[in-house]
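Notes for the one structure printed next.
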Amino acid sequence: MTRRTLEESAFETELRIVTNGESALDYLHRRGAYADARTAPRPDLVLLDLNMPRIDGKRVLEEMRACDDLCRIPVVILTTSQQEEDILRSYDLGCNSFVTKPIEIENFMKTVRGMGTYWLELVLLPPH
């Protein structure tokens with residue numbers, strides 16, 4: 001749904017999706033199937049779910065912030081959680097934004113479009 005919304009919004013972006021936290025870390029650290037920088041370029045922005053299989057989003061964020069090569073990449077938490085503990089912990093770990101996924105499809109798409117406009121058109125992102 002996120003991919004479709006971003007593609008339909010015509011943002012100038014190349015979207016990469018991984019299915020779990022372990023794959024996210026492999027991609028970010030360029031390990032295994034993601035070792036080639038040409039096929040696994042460094043992201044300008046990470047949309048991160050807290051509730052991923054294998055390794056959760058908090059641990060991915062923690063590892064990103066501890067790594068000199070990854071610590072400046074903006075991270076937007078996009079999750080179903082509204083738990084105060086998750087919000088506080090995510091900001092303590094260094095997320096740049098915490099967005100709760102709306103349940104209704106139209107509101108979800110509106111939220112993703114708004115994030116895209118903000119992060120991909122308005123904000124100056126750090127160079128690689």
Which value, rounded to the nearest 0.5 Å, describes the distance between [X] atom [atom1] and [Y] atom [atom2]?
X: I103; Y: T80; atom1: CD1; atom2: OG1; answer: 9.0 Å
X: L45; Y: M115; atom1: CG; atom2: CE; answer: 8.0 Å
X: S97; Y: Y118; atom1: OG; atom2: OH; answer: 7.5 Å
X: T39; Y: Y27; atom1: OG1; atom2: OH; answer: 8.0 Å
X: T79; Y: M52; atom1: OG1; atom2: CE; answer: 9.5 Å
X: L70; Y: L28; atom1: CG; atom2: CG; answer: 5.5 Å

#### Entry: Heavy-atom pair of closest approach, residues T111 and P102
OG1-CG, 3.3 Å
#### Entry: T117 side-chain N/O to R113 backbone N/O, donor-acceptor pair under 3.5 Å
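Indeed, once roles are kept as given, a pair shorter than 3.5 Å links the two residues.
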### Task
Please check if the side chain of D56 supplies one atom and the backbone of R59 the other of a donor-acceptor pair under 3.5 Å.
yes
### Message
Quick one, P74 and C95 - any side-chain contact, counting heavy atoms below 4.5 Å?
### Response
no
Under 4.5 Å between side-chain heavy atoms, counting indirect links through other Ile/Leu/Val/Met/Phe/Trp/Tyr residues: same cluster for [X] and [Y] or not?
X: L25; Y: L50; result: yes
X: I73; Y: L47; result: no
X: I87; Y: V75; result: yes
X: L93; Y: V76; result: no
X: M64; Y: L125; result: no

#### Entry: Verdict with supporting geometry, L48 and L78, side chain to side chain contact (heavy atoms under 4.5 Å, CB included)
CA-CA 6 Å; L48 186 62; L78 180 60; over 6 Å; no
### Query
Going by the salt bridge (charged side-chain N to carboxylate O under 4.0 Å, His left out) test, which pairs reach into residues 18-47, not counting sequence neighbours?
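Qualifying pairs, neighbours excluded: E22-R54, D26-R31, D36-R38.
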### Task
For residues 76-86, pull every pair meeting salt bridge (charged side-chain N to carboxylate O under 4.0 Å, His left out), keeping only residues two or more places apart or in separate chains.
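Those involving residues 76-86 are K58-D86.
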### Task
Please assess S81 against K101 for the test side chain to side chain contact (heavy atoms under 4.5 Å, CB included), listing each intermediate value before the final yes or no.
CA-CA 8 Å; S81 176; K101 294 178 190 176; over 6 Å; no
### Task
Determine whether more than 12 heavy atoms belonging to other residues, nucleotides or ligands lie under 6.0 Å from atom CZ of R16.
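Yes, because the 6.0 Å sphere around CZ of R16 holds more than 12 heavy atoms from other groups.
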### Query
Take atom CD1 in I17; do more than 12 heavy atoms of anything else shown fall under 6.0 Å from it?
yes
### Message
Let's go through M109 and E104 carefully: what are the C-alpha distance in whole Å and the side-chain angles of both, what is the deciding distance for side chain to side chain contact (heavy atoms under 4.5 Å, CB included) to 0.1 Å, and is it a yes or a no?
### Response
CA-CA 9 Å; M109 293 171 68; E104 301 82 22; over 6 Å; no
### Message
Working note: I55 + N20, criterion side chain to side chain contact (heavy atoms under 4.5 Å, CB included); need CA distance, chi angles, decisive distance, verdict.
### Response
CA-CA 7 Å; I55 296 175; N20 61 64; over 6 Å; no
### Query
Do R65 and E63 sit within salt-bridge range, that is, some charged N less than 4.0 Å from a carboxylate O?
no
#### Entry: Under the ring pair (Phe, Tyr, Trp, His ring centres under 6.0 Å) test, residues paired with F98 that sit two or more places apart
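Partners of F98 under the ring pair (Phe, Tyr, Trp, His ring centres under 6.0 Å) test: none.
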